[in-house]
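One structure is given here, and the rest of the page talks about it.
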Amino acid sequence: ELKALMNFREGEVFSRKKITASIQRMTERLGDEGYAFAKVNAVPEIDEETRTVSLLLVVEPGQKVTVRRILFEGNTKTRDYVLRREMRQMEGAWFSQSAIDRSKVRMQRLTYFETVEVETPAVPGTGSGSLPALGPAGPVCNGEKNVKSAGGGRAPDSPESSHTYD
């Protein structure tokens, strides 16, 4: 499936721009399938004699992550449910980077806030295990009209470690 996201083929002239764009698409795709910490690295092997490049793409998806909770703090203009209905990332669902991005855009379209940012603070008391943990997170909206923050916690599929995201 990921191979279809590559926009370079064997025999083409080497283009770092195409490789970077392909890696970005692969990482986004994995992020939409619940792999919040996915990494894709290109390892080129250059042959000076034949003037060719062999490229190895190393994909490390990591663990699948679910959203534990979504928190909103500091909102003084509207009710919590008004903000929740704009969220495309749901609690208990697999993490999806595109859902978080859509949620951010929807929050920006509300006339309550001037800016919206996504944060991912660390969860206290975790991190000694095999995976790092991130705390309640979500859009942080600032503006003269209102100051609001939202947080979403997420955890990997296994109970041994936890991850949370904004």
Side-chain angles (χ1 to χ4, degrees), residues 1-2 4-7 16-41 59-166:
E1 291 180 40
L2 292 178
L5 300 173
M6 296 188 308
N7 65 347
R16 187 169 305 277
K17 185 176 180 180
K18 283 185 176 183
I19 292 167
T20 303
S22 296
I23 289 172
Q24 180 66 32
R25 280 196 303 279
M26 289 178 185
T27 305
E28 288 171 0
R29 172 68 179 272
L30 289 167
D32 286 344
E33 293 180 8
Y35 297 99
F37 303 105
K39 294 180 184 175
V40 180
N41 295 310
V59 179
E60 299 174 22
Q63 284 191 309
K64 234 175 173 181
V65 176
T66 58
V67 174
R68 286 193 314 199
R69 66 185 182 276
I70 297 173
L71 304 173
F72 297 95
E73 298 173 357
N75 177 33
T76 60
K77 292 288 186 182
T78 189
R79 303 255 183 203
D80 188 64
Y81 71 86
V82 173
L83 302 177
R84 286 190 182 279
R85 73 179 178 210
E86 300 301 322
M87 296 299 293
R88 297 299 126 210
Q89 175 66 64
M90 299 296 155
E91 292 176 334
W94 292 118
F95 169 82
S96 172
Q97 186 61 53
S98 63
I100 290 178
D101 293 342
R102 283 193 310 273
S103 298
K104 179 179 175 180
V105 168
R106 291 176 67 93
M107 291 286 183
Q108 289 170 331
R109 288 183 181 161
L110 293 174
T111 58
Y112 304 129
F113 318 110
E114 285 186 10
T115 62
V116 178
E117 299 171 6
V118 177
E119 295 180 353
T120 54
V123 173
T126 61
S128 59
S130 61
L131 294 173
L134 300 175
V140 175
C141 310
N142 295 308
E144 294 176 3
K145 298 179 183 177
N146 188 18
V147 177
K148 171 212 125 324
S149 70
R154 30 181 215 185
D157 210 14
S158 66
E160 301 88 45
S161 59
S162 65
H163 299 293
T164 56
Y165 271 101
D166 287 321

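Fair warning: this is a prediction, and the values are worked out from it, not measured in the lab.
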**Report entry** OG1 on Thr27 to CD on Gln97, rounded to 0.5 Å
**Finding:** 10.5 Å
Query raised in the report: By salt bridge (charged side-chain N to carboxylate O under 4.0 Å, His left out), which residues pair with Arg88, not counting sequence neighbours?
Result: none
Query - From Arg84 atom CZ to Ser103 atom OG, the distance as rounded to the nearest 0.5 Å - result: 11.5 Å
Query raised in the report: How long is the span from the CD atom in Gln89 to the CG atom in Asp101, to the nearest 0.5 Å?
Result: 10.5 Å
Query raised in the report: Nearest 0.5 Å, what's the CZ-CZ distance between Arg102 and Arg106?
Result: 9.0 Å
Query raised in the report: side chain to side chain contact (heavy atoms under 4.5 Å, CB included) between Val40 and Leu30: does it pass, once the steps are laid out?
Result: CA-CA 10 Å; Val40 180; Leu30 289 167; 4.2 Å; yes
Query raised in the report: Nearest heavy-atom pair of Ser98 and Asp32: which atoms, and what distance?
Result: N-OD1, 2.7 Å
Query - Interatomic spacing from CZ in Arg16 to CD1 in Ile23 - rounded to 0.5 Å - result: 9.0 Å
**Report entry** Closest heavy-atom pair and its distance - Phe37, Val65
**Finding:** CE1-CG2, 4.1 Å
Query - Partners meeting salt bridge (charged side-chain N to carboxylate O under 4.0 Å, His left out) with Lys18 (sequence neighbours left out) - result: Glu12
**Report entry** Non-neighbouring partners of Gln24 that pass side-chain contact (heavy atoms from CB on, under 4.5 Å), sequence neighbours left out
**Finding:** Glu28
